[in-house]
Amino acid sequence: MNTKTVVVHCEYSEDGKEISEIISESFRLFLQKELRTFAIGTQDGVS
């Protein structure tokens, strides 16, 4: 199996959102996407 290393550099301005807000929003969007994917297989979104 081939593996690749991914390096990410982030820069944040002091005028923008707090890092905690960015992480919370990112997690919320990720969770929303994952739950939507899970709900596709069920009729009412609950299994």
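As a basis for the values below, the full set of heavy atoms in this structure was taken, side chains included, without hydrogen atoms, waters or symmetry mates.
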d(Ile23 CD1, Arg28 CZ) to nearest 0.5 Å is 14.5 Å
Any donor-acceptor pair under 3.5 Å from Ser24 side chain to Ser20 backbone = yes
* Indicate if Leu35 and Phe30 have the same hydrophobic cluster label, given that clusters are the connected sets of ILVMFWY residues with side-chain heavy-atom separations under 4.5 angstrom. => yes
Between the CD atom in Glu34 and the CZ atom in Phe27, the distance rounded to the nearest 0.5 Å is 10.0 Å
In short, salt bridge (Lys or Arg N to Asp or Glu O under 4.0 Å) pairs touching residues 17-27 with sequence neighbours left out are Lys17-Glu25
